[in-house]
Amino acid sequence: MLTGRDSLNRLIGKRRRYLPNRESLLSAPIQSSLNLCNDTKNGKIIPDDETEKGNSKAARLVTCPICGSDVPGDNHMINSHLDACLARGTKRKLTQRTLLQLNFSAQTKDQNHSNETKLSTTNMFSEGPVESLEQNSICGLANYVAVEDYNSNHWRSTENTTSHQRINCDEKTPLSSPHINGPEHDVNVTVDGMSEATLRTFIVGRRYSDEKEIKIGAHISLSRDPNNVKDPNAIKGFVISAPKHSLDVVQIKITYHKIESDNENDDDIEVSTCLWKRALHVARSAKGYPSSMIKYQCNFNLLIQEVLGNSRHLFKADEIDFLESFSMLSEDSQRLFVRLYMRKDNGYICSSEDTNELHDAIKDICNLLTVSELREISCVLPKNCHRGSRKQKVIASLLCFYEDGICPFLPKMILDRTGLCIRVASKAEHLIWRAERLFFLNGEQDLSAFLLVDLGIVKYPTYNCIIAEQIFSGLCDLLAYEEAIELAQIMDQSLDENNIELVLRCIMIAESRMSSSSCKAVQSITSELANTFHSCFSASWVYSKVVLLGISFLEREQRFNDAINLLRRLLSCFTCDSRRGYWTLRLSIDLEHMGCPSESLSVAEGGLLDSWVRAGSRVALQRRVLRLGKPPRRWKIPSFSESIKRKITEIHVQGRPLNCEIGMKSWFYGEDGEKCGVEQLALQYYAGEGGGWHGVHTESGIWLTIFGLLMWDILFSDVPDVFRSRFQNAPLDLATDSFYIVRKNLIESQLQKIYDGMAEEILITSWESHVGTVCRGVNWDRHSLSELRAAVTCIGGPCLAHLCRHLAQDYGSWSSGMPDLLIWRFHSEYRGEAKLVEVKGPRDRLSEQQRAWLLLLMDCGFKVEVCKVSAQPVIVST
């Protein structure tokens with residue numbers, strides 16, 4: 001994989017379907033000194049048709065309250081799905097208490113009513129097809145906002161779109177607004193003293209036939225459902241007749257009239273009164289205990305509220321109104337939006353009965369189909385259409401025929417198989433993405449982080465969020481940062497699609513914007529804070545990652561001259577950056593590839609004078625200077641020559657190989673005859689004839705775990721601005737120089753305790769207090785407390801204190817490349833020795849970072865070795 005690709009992917013996070021700045025990014029003229037693209041139109045590339053038309057509409061989607069699956073919101077589709085679930089006996093996720101929780105409202109006492117002396121119901125809707133999702137849903141779901149509509153700045157509600165369809169309703173008392181959690185009713189009125197009371201609701205879970213017909217004003221008989229032991233408040237409805245479509249939702253009005261007839265049976269009156277009292281009791285309970293939000297719904301609202309509270313200055317007025325209007329939606333609408341947003345690709349791809357609106361999204365809609373469905377479509381096309389088993393090749397073939405006009409009916413053929421679909425509106429998607437980015441401050445976390453906490457899977461540490469300074473001072477800085485991330489996503493997608501022309505253009509755009517005056521202004525501010533985390537939230541920093549990935553791409557293409565120019569640009573733009581060591585090393589290597597050894601040597605020598613060149617990069621440059629700086633180029637031997645040429649002890653172990661393939665991991669027979677890797681084989685050697693050592697194959701894992709446990713209180717101490725949300729496993733400045741500088745007194749005090757031999761006590765206390773809590777570098781499952789205690793005891797306080805100091809001072813440079821094995825053995829109950837071993841297979845060699853670690857550990861007083869595993873010579877008997 002190209003260098004920097006993983007880092008860029010982590011920065012991007014979940015790829016966005018809609019990039020609002022894509023067209024402007026790719027079509028704007030580039031003012032760059034580089035000319036990587038040999039185009040004749042100033043490098044302009046027509047962007048892919050991924051932007052949506054402003055007035056496109058998305059179909060509705062609702063969640064089945066029984067099985068939890070998402071189904072299209074058409075009347076007949078959702079109710080047929082519901083009836084199928086009920087017929088299967090699927091366990092219900094909601095009870096019929098919903099009847100008395102949602103969409104009830106009080107009715108005025110002077111409203112005209114029937115003189116019938118029994119519980120009666122009235123159909124409140126016309127016979128025509130109901131278009132509102134509020135009428136199509138199982139639980140009064142308001143019409144969802146996710147319809148693609150660029151002309152609207154608010155989430156959609158059907159409260160204003162269905163009033164003309166209600167009959168026998170008082171206009172002054174409409175159905176509950178979306179933001180009302182429970183039913184509206186007069187719960188204080190007594191049954192004996194009232195002439196009429198009304199609750200409005202609708203039937204759920206009913207089944208009736210097409211043969212029966214119901215008209216407006218028809219009566220529905222209601223009775224208790226004593227067999228429903230799980231829901232004592234359930235009401236079973238026996239439908240006398242049906243609406244126009246047998247699967248339509250039937251909204252009803254339950255009205256209680258005072259019985260005045262003297263001829264009525266007292267028992268009937270008592271039963272009727274008891275039923276009504278029970279209904280009011282349930283309604284009163286629902287009001288006292290409103291329907292609780294589902295966790296992910298609460299979490300989503302919390303995220304929006306916190307972002308608007310802390311970063312309100314980063315949104316325009318209409319964007320603030322848009323986000324705030326989310327809380328005005330009905331709870332079902334909120335849940336539907338969150339479920340869609342959290343889906344891969346933000347829900348389904350939008351489709352429409354108007355196939356002309358599908359032209360731009362046809363490729364994405366094709367991805368909704370299975371391979372077999374795509375092959376069915378391809379069978380009706382000419383014989384040269386691809387009909388293989390690889391989905392993307394079939395899609396590419398279909399799109400080719402569609403774009404050439406050979407298959408103009410492709411959208412209709414696709415819709416026949418997909419049905420109606422839905423997706424989140426582009427504006428909503430973009431604003432929620434921004435809110436997530438501002439809340440988590442990274443691309444790796446999203447709303448699922450809340451879920452992991454709620455389920456108890458992840459437990460974050462306790463710390464105080466002290467915010468004294470905003471990360472983004474203004475909206476302009478944030479918009480520039482967002483635009484840079486969009487370019488990073490375009491770059492990543494172009495590499496996936498092997499679109500070389502677009503990759504080169506992204507490199508030029510990033511280089512020009514990184515060097516532009518605006519980015520220089522940002523850099524001039526952040527250069528003073530480059531050793532803090534603030535620089536990672538600037539547009540220039542994101543562009544530098546795109547350029548670095550582009551350099552790796554150009555080197556793979558052997559375009560070393562272009563790579564050299566970009567490396568020089570990075571070094572000139574970022575004078576205070578921990579990445580300068582890698583950039584300098586690559587520049588020296590590429591110059592040597594170009595046949596310029598003297599210049600390569602000069603670059604390496606200059607890099608050694610740079611205080612930002614550290615760890616493995618510094619060792620690599622030193623070794624290059626020693627190799628290239630021989631007479632007659634250089635006569636003087638560098639001062640670091642003796643240190644870099646120190647001999648590292650080597651141990652040779654032979655084993656029986658299982659494979660000898662080049663480029664494959666080496667496998668051997670272990671001492672027990674089982675398959676094992678070179679690390680396990682080395683552990684077996686040290687445990688046996690190597691001296692009775694105990695140990696673990698850990699690489700950096702055990703050291704970062706020990707560091708995290710020993711420095712726990714330092715990591716999560718009260719430092720302003722480094723903790724922004726409750727979902728952090730480390731302070732934001734951990735991998736920067738400021739981590740040690742800001743906490744120097746606390747760190748040195750803790751290191752002194754470790755030096756004095758208190759490491760084991762600190763380790764045990766930290767383990768028992770925080771076990772299971774996430775912390776960067778700490779792995780609770782891989783290493784037991786007994787192993788950690790043994791390692792700490794045998795390593796000794798002085799060595800451990802030196803190691804922790806290096807990690808605290810430069811965690812970013814030293815958190816990788818540590819030796820493979822940590823082995824120890826006890827000489828007495830409280831005394832022992834430890835050794836670190838780097839294991840290499842038959843075709844492996846030390847990396848510069850590994851060599852830097854071994855030399856550093858030797859300086860700290862550790863015993864280190866390199867264990868080289870080779871195949872036993874084959875003896876052929878004659």
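- Separation of atoms NE2 (H783) and CG (L704) is listed at 9.0 Å; rounding is to 0.5 Å.
- Residues satisfying the ring-ring contact (aromatic ring centres under 6.0 Å, His included) test with Y811, not counting sequence neighbours, are F707.
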Taking only distance into account, with no hydrogens and no angle test, what donor-acceptor pairs under 3.5 Å do side-chain atoms of residues 696-703 form with protein atoms, sequence neighbours excluded?
from: T698; atom 1: OG1; to: I702; atom 2: N; distance (Å): 2.6

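- For the pair Q728 (side chain) and V722 (backbone), a donor-acceptor distance under 3.5 Å is present.
- The ring-ring contact (aromatic ring centres under 6.0 Å, His included) check on F472 picks up Y481, with sequence neighbours excluded.
- Within the structure, salt bridge (charged side-chain N to carboxylate O under 4.0 Å, His left out) pairs that include any residue of residues 778-790 comprise E760-R789 (at least two apart or interchain).
- Pairs engaging residues 298-312 under the salt bridge (charged side-chain N to carboxylate O under 4.0 Å, His left out) rule: R312-E324 [sequence neighbours left out].
- E486 pairs by the salt bridge (charged side-chain N to carboxylate O under 4.0 Å, His left out) definition with R16, not counting sequence neighbours.
- Judged as a ring-ring contact (aromatic ring centres under 6.0 Å, His included), and not counting sequence neighbours, the contacts of W712 are F716, H770.
- To the nearest 0.5 Å, atom OG of residue S7 and atom CG of residue L549 are 9.5 Å apart.
- Between the OG atom of S538 and the CG atom of D477 there is a distance of 9.0 Å, given to the nearest 0.5 Å.
- Partners of N299 according to the side chain to side chain donor-acceptor pair (under 3.5 Å) rule, which considers only residues two or more places apart in sequence or in another chain, are D454.
- For the atom pair CD (E429) and CG (L431), the distance works out to 10.0 Å, reported to the nearest 0.5 Å.
- Sorted by first then second residue, the salt bridge (charged side-chain N to carboxylate O under 4.0 Å, His left out) pairs that include residues 432-447, not counting sequence neighbours, are E319-R434, R434-E482.
- Evaluation of the salt bridge (charged side-chain N to carboxylate O under 4.0 Å, His left out) test over residues 701-726, restricted to residues two or more places apart or in two chains, returns D721-R724.
- Under the rule for a side chain to side chain donor-acceptor pair (under 3.5 Å), the partners of S813 that lie at least two apart in sequence or sit in another chain are D810.
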Does Y296 form a side-chain hydrogen bond (donor to acceptor under 3.5 Å, both in side chains) with Q334? I'd like the steps, not just the answer.
CA-CA 10 Å; Y296 63 79; Q334 292 182 21; over 6 Å; no

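- Taking the six-membered ring where the residue is Trp, the centroids of F300 and F326 are separated by under 6.0 Å.
- The salt bridge (charged side-chain N to carboxylate O under 4.0 Å, His left out) search around R5 returns D492, D496, not counting sequence neighbours.
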